[in-house]
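Notes for the one structure printed next.
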Amino acid sequence: MLNTFRLEGRVALVTGASRGLGQAMAVALAEAGADIVGLFRTRDGSETCAQVEAQGRRFLPLAVDLLTASAQDLRAAVAHVAREMGRLDILVNNAGEIRRAPALEFSEADWDAVMQVNLKALFFLSQAAGEVMKAQGKGKIINIASMLSFQGGILVPSYTASKSAVAGLTRALANEWAALGINVNAIAPGYMATDNTIALRNDPARYRSILERIPAQRWGTPDDLKGIAVFLASDASDYMHGAIVPVDGGWLAR
Ligand code: NAP
């Protein structure tokens, strides 16, 4: 049955593939056999490219700023992918923004930026990819949610709002698209050591209090998402629709 996890001949578009969790998931999908389109904003994607090509897979970089891209831009980006790669089987909506400030001082700019990247771009990329997947009769969409899809968080009101909405949207799209052969699910990572959590990890009190609450007794790493990403991208998860899967060292079970 391990063959049902294999991704040879599939094409995956991974947003935020230049570093952190997106990079690890892109490389994992390549290790399982997929060719990868890596979308990122400004950073150089060459590190991810080298790791994907080392698996003998093709890597296509796509520079798109999700903060400014319109729905039409995202449709054009997906059309470009389908043209260049011949198909699109897997979309990993991973790119994300976080802005920290107390709710009483939170700016409109920080609200809009986070909602645009984490939610609006995710929806319109899914819509464009869903069209291609519908025509193919099969597809996998994996959204990256958060512990703050379940909890309130501290000093991150727009992030919590966006990630809670990602969980709702995952269920809404699953309801509409399951019948089309498209699986829409989400991964909810716990506290992972990436650029996204530098502020927390640089605050010794927050770092310690978070660590003490994690049953697994360690922060997560990008590699911790590799197994679940391949599973949700593969035929092994064909009957899963609308699930929000925590990968959190037991944080939510606490
Ligand atoms: P990260 O290391 O900060 O990486 C963020 C990625 O998103 C980068 O590849 C970045 O591209 C891309 N990105 C950000 N804004 C973008 C934009 N406007 N347009 C295009 N790409 C953009 O973050 P991470 O920790 O890997 O987080 C990945 C996802 O997991 C996010 O959705 C985050 O909210 C979520 N998450 C993280 C944690 C955690 O503990 N780290 C926990 C739960 C959920 P550039 O390199 O070009 O800037």
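All ligand and atom numbering here is 1-based and tracks the order in the structure. Residues take their numbers from the sequence shown, with the count starting at 1.
Look at K134 and E176 and you find no salt bridge, because none of the NZ, NE, NH1 or NH2 atoms lies under 4.0 Å from a carboxylate O. With salt bridges taken as basic N to acidic carboxylate O contacts below 4.0 Å, none links R10 and D89. Under 4.0 Å is where a charged nitrogen must lie from a carboxylate oxygen, and between D235 and K140 no such pair does.
What sits closest to atom 13 (N) of ligand 1 on the protein, heavy atoms only, is A95 CB, 3.8 Å. Remark: minimum distance from atom 29 (C) of ligand 1 to any protein heavy atom is reached at N94 O, 2.9 Å. Protein heavy atom in closest approach to atom 12 (C) of ligand 1: G16 CA, 3.6 Å. Among protein heavy atoms, the minimum distance from atom 1 (P) of ligand 1 is reached at R19 NH1, 3.9 Å. Ranking the protein heavy atoms by distance from atom 26 (O) of ligand 1 puts L21 N, 2.8 Å first. Annotation: atom 25 (O) of ligand 1 to nearest protein heavy atom, T194 OG1, 2.4 Å. For atom 11 (O) of ligand 1, the closest heavy atom belonging to the protein is S18 OG, 3.5 Å. Annotation: atom 23 (O) of ligand 1 to nearest protein heavy atom, N196 CB, 3.5 Å.
The SG atom of C49 sits 11.0 Å away from the CD atom of Q23 when rounded to the nearest 0.5 Å. Put simply, CG on L122 and CD on Q127 are 12.0 Å apart, with the number rounded to the nearest 0.5 Å. One finds the OG atom of S209 at 8.0 Å from the CG atom of D203 (value rounded to the nearest 0.5 Å).
Contact atoms of ligand 1 toward I144: 29 (C), 30 (O), 35 (C) (distance under 4.0 Å to a heavy atom of the residue). Atoms of ligand 1 lying under 4.0 Å from at least one heavy atom of D65, given by number and element, are 17 (C), 18 (N), 19 (N). For ligand 1, the atoms closer than 4.0 angstrom to any heavy atom of M192 are 39 (C), 40 (O), 41 (N). Ligand 1 places these atoms under 4.0 Å from at least one heavy atom of V64: 19 (N), 20 (C). Below 4.0 Å from some heavy atom of G96 lie the following atoms of ligand 1, by number and element: 7 (O), 14 (C), 31 (C), 32 (O). Listed by atom number, the atoms of ligand 1 under 4.0 Å from L67 heavy atoms are 18 (N). Ligand 1 places these atoms under 4.0 Å from at least one heavy atom of D195: 2 (O), 3 (O). Near G20, with a cut-off below 4.0 Å to any heavy atom, the atoms of ligand 1 are 2 (O), 26 (O).
Within the 4.0 Å heavy-atom criterion, the part of V117 lying near ligand 1 is the side chain and not the backbone. Residue contacts with ligand 1, taken as heavy atom pairs separated by less than 4.0 Å, involve T197 solely via side-chain atoms from C-beta onward. By the criterion of a heavy-atom distance under 4.0 Å, the backbone of A145, and not its side chain, is placed next to ligand 1.
A heavy-atom distance below 4.5 Å is found between the side chains of I244 and R171. Side-chain contact between V37 and L88 is absent, with no heavy atoms from C-beta onward closer than 4.5 Å. No side-chain heavy atom of S18 sits less than 4.5 Å from a side-chain heavy atom of R41. Within the 4.5 Å cutoff, the side chain of L252 has heavy atoms near those of the Q151 side chain. The shortest side-chain heavy-atom distance between P61 and F40 falls under the 4.5 Å cut-off.
Considering backbone and side-chain atoms together, N118 places no N or O closer than 3.5 Å to any N or O of ligand 1. At least one N or O atom of Y159 sits closer than 3.5 Å to an N or O atom of ligand 1. Among the atoms of L66, some N or O lies under 3.5 angstrom from an N or O of ligand 1. No N or O atom of Y191 sits closer than 3.5 Å to an N or O atom of ligand 1. For ligand 1, the polar-atom distance check against P189 finds no nitrogen or oxygen pair separated by under 3.5 Å.
Of all heavy-atom pairs spanning I144 and K163, the tightest one is O-NZ, 2.8 Å. In terms of heavy-atom proximity, N185 sits nearest to A243 at OD1-N, 2.9 Å. Residues A17 and G38 approach most closely at CB-CA, 3.8 Å, considering heavy atoms.
Judged purely by distance below 3.5 Å, without hydrogens or angles, the side chains of T221 and D223 never pair a donor atom with an acceptor atom.
In this structure, G190 counts as a contact residue of ligand 1, since one of its heavy atoms falls inside 4.0 Å of the ligand. Residue contacts with ligand 1: K163 is included, with a non-hydrogen atom under 4.0 Å away. Within the 4.0 Å heavy-atom shell around ligand 1 one does not find A69.
Using bins of under 30°, 30° to 60° and over 60° for the plane-to-plane angle, the ring pair W251/Y191 lands in the tilted bin.
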